[in-house]
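These notes concern the structure reproduced below.
Excluded from the calculations below are hydrogen atoms, water molecules and symmetry mates; all remaining heavy atoms, backbone and side chain alike, are included.
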Protein chains: 2
Amino acid sequence: MQSAATLDDLQGHITGLRDVFDVEHLVYHSVNSTGQQYAALTYSPAWVARYIEQDYARVDPVVQGCYRRFHPVDWRRLDWSGKPAREFMGEATDAGVGRQGFSVPIRGPSGQFALFTVSDRRTDAKWEKYTETHVRDLILAAHFVNQKALEIERGSDTAAMQKLSPREIDALTMLAMGYNRAQTAESLSISEHTLRVYIESARFKLGASNTTHAVARGLTLGLLVV
Amino acid sequence: MQSAATLDDLQGHITGLRDVFDVEHLVYHSVNSTGQQYAALTYSPAWVARYIEQDYARVDPVVQGCYRRFHPVDWRRLDWSGKPAREFMGEATDAGVGRQGFSVPIRGPSGQFALFTVSDRRTDAKWEKYTETHVRDLILAAHFVNQKALEIERGSDTAAMQKLSPREIDALTMLAMGYNRAQTAESLSISEHTLRVYIESARFKLGASNTTHAVARGLTLGLLVV
DNA sequence: CGGAACCTCCCCATTTTTGGCGAATAGCTG
DNA sequence: CAGCTATTCGCCAAAAATGGGGAGGTTCCG
């Protein structure tokens with residue numbers, strides 16, 4: 001695997017940027033459409049292991065909050081109410097994660113989602129000032145790091161990217177909008193059987209086992225615009 | 001509709017930024033998960049009408065290319081081969097769209113996708129230089145404009161954002177991965193009947209007419225992480 | 001403490017989707 | 001021009017999903 005070397009490069013960027021940005025921790029975490037995820041970060045390995053083992057991503061307000069948000073966000077503006085979230089925060093601070101944090105969500109095609117985060121223990125006032133003056137640079141740094149990260153896996157999913165024919169896209173798009181076969185066929189003015197051919201060829205191209213899977217893959221691969 | 005006023009604001013930002021960036025045309029175009037789209041741009045109304053009427057988004061290499069790309073991209077690096085693309089380019093240049101262009105794709109939660117574009121008629125050499133020196137500012141401007149754009153529709157889809165229960169997410173996620181009901185139920189260690197309850201309640205919450213629709217909505221709303 | 005939301009289990013009838021056969025026309029590309 | 005892909009049509013039987021009922025337990029928030 002030559003990806004090991006470049007993942008190290010990414011880690012190098014991360015630690016380098018931490019010093020540049022003068023923060024305690026800096027994290028880049030990415031999940032692509034195939035579920036593969038990798039991260040480069042400065043947290044302790046113990047905390048990372050714990051986080052994965054406990055599947056804390058499901059609880060972590062930073063992940064949950066950023067996943068449905070466009071703008072970069074200060075951790076204080078997230079929803080920390082709820083028992084699991086509060087417990088999580090307790091453990092996190094014990095593990096050395098700063099109480100202050102700022103995260104930039106990044107989205108790519110194929111449903112890729114990444115998070116670029118800085119965290120620290122400054123006081124509220126200082127942190128406020130810090131984020132204000134660094135938002136722009138943090139956004140650009142997030143783009144930069146994500147770019148580097150994408151270079152690691154380039155080739156693997158670009159090559160596998162299948163193209164769908166216009167009719168196949170039409171078909172899957174309507175199915176994704178909730179139409180069933182009969183309605184879709186009527187809308188496209190074709191026989192239901194013809195529609196089946198499209199669905200099946202799309203399924204084949206996408207390596208999907210059924211219609212729902214095909215639609216899901218079409219969406220996450222960015223082939224459909226619903 | 002009070003959105004008319006703010007859409008004018010957006011248009012104001014666009015024309016303002018065009019002068020700041022010293023380009024012929026500047027375009028912001030956004031599509032959200034519900035299919036609503038709006039744009040603020042400096043192209044001629046005739047060209048815009050033509051574009052919509054002909055559904056050129058399906059052909060336009062800028063749209064198609066950026067939709068499956070993360071990085072900002074120079075138009076020259078896109079794939080202009082293929083008959084429809086070449087015809088489209090001919091019409092576009094006739095309509096006053098510059099031959100040079102640079103587009104920044106922007107993605108938000110809920111499947112939102114927007115495109116921030118500058119276009120001009122500079123020579124290749126000058127354009128090369130121009131983009132090199134302005135990438136950073138263009139990225140930031142794209143974020144800024146998108147932020148303004150999101151403010152227009154804020155409230156409409158934030159309020160409608162339904163939460164799914166953990167089990168509902170589990171269920172839809174596995175279905176999106178291609179598992180059928182039997183396999184999904186087994187994976188989740190529950191009876192198939194129980195699984196149905198989740199699927200149905202998720203369908204209800206999402207206003208979906210069938211499983212495929214529910215999965216599609218879950219994905220485009222950013223509720224599922226496949 | 002009481003309501004709300006979540007998780008879990010079951011049956012029957014009907015509708016919808018899928019699997020497995022095959023085949024013809026048109027258009028673009030090498 | 002040959003070859004490939006896209007588009008379009010059909011039938012039958014099996015498998016899967018949906019609709020419409022009902023019911024008991026836990027957990028959490030106000």
Distance from A:Glu192 atom CD to A:Gln183 atom CD, nearest 0.5 Å?
10.5 Å
First encountered from the 5' end of DNA chain C, between B:Tyr198 and A:Arg203:
B:Tyr198
B:Arg86 or A:Tyr179, whichever maps to the more 5' nucleotide of DNA chain C:
A:Tyr179
Starting from [atom2] on [N], measure out to [atom1] on [X] and report it in whole angstrom.
| X | N | atom1 | atom2 | result |
| --- | --- | --- | --- | --- |
| A:Leu195 | D:dA6 | CG | P | 16 Å |
| A:Ile199 | D:dC9 | CD1 | P | 14 Å |
| A:Glu168 | D:dA6 | CD | C1' | 8 Å |
| A:His213 | D:dA16 | NE2 | P | 17 Å |
| B:Gln183 | D:dA15 | CD | P | 15 Å |
| B:Leu175 | D:dA17 | CG | P | 8 Å |
| B:Arg167 | C:dT8 | CZ | C1' | 10 Å |
| A:Phe204 | C:dG20 | CZ | P | 13 Å |

A:Arg196 (side chain) and C:dG19 (base): donor-acceptor pair under 3.5 Å:
yes
May I ask you to verify whether the side chain of A:His193 and the base of D:dC11 hold a donor-acceptor pair under 3.5 Å?
yes
Between B:Gln64 and B:Ala57, is there a donor-acceptor pair closer than 3.5 Å when you use the side chain of the first and the backbone of the second?
yes
Checking side chain to side chain donor-acceptor pair (under 3.5 Å) between A:Gln100 and each of A:Asp124, A:Asp74, A:Asp120, A:Thr123, which is the one that passes?
A:Asp124
A:Ser165 near the nucleic acid: base, sugar-phosphate alone, or nothing, with a heavy-atom cut-off under 4.0 Å?
sugar-phosphate
Is B:Thr211 touching bases, backbone alone, or none of the nucleic acid, heavy atoms closer than 4.0 Å?
sugar-phosphate
Anything under 30° is parallel, anything over 60° is perpendicular, the rest tilted; go ahead and classify A:Tyr130 against A:Trp127.
parallel
Is the A:Tyr56 ring parallel, tilted or perpendicular to the A:Tyr51 ring (thresholds 30°, 60°)?
perpendicular
Nearest heavy atom decides the nucleotide; on that basis, is B:Val197 or B:Thr212 closer to the 5' end of DNA chain D?
B:Thr212
Please determine if a side-chain N or O atom of B:Arg181 lies less than 4.0 Å away from the OP1 or OP2 oxygen of D:dT18.
yes
OP1 or OP2 of C:dA5 under 4.0 Å from side-chain N/O of B:Lys205:
no
In numerical order, the residues of residues 185-192 of chain B whose heavy atoms come under 4.0 Å of DNA chain C are B:Ile190, B:Ser191
List the atom pairs, donor and acceptor, that lie under 3.5 Å between side-chain atoms in residues 81-89 of chain A and the rest of the protein, sequence neighbours left out.
{"unit_1": "A:Ser81", "atom_1": "OG", "unit_2": "A:Asp79", "atom_2": "OD1", "d": "2.7"}

Using the benzene-type ring in the case of Trp, are the ring centres of B:His143 and A:Phe70 under 6.0 Å apart?
yes
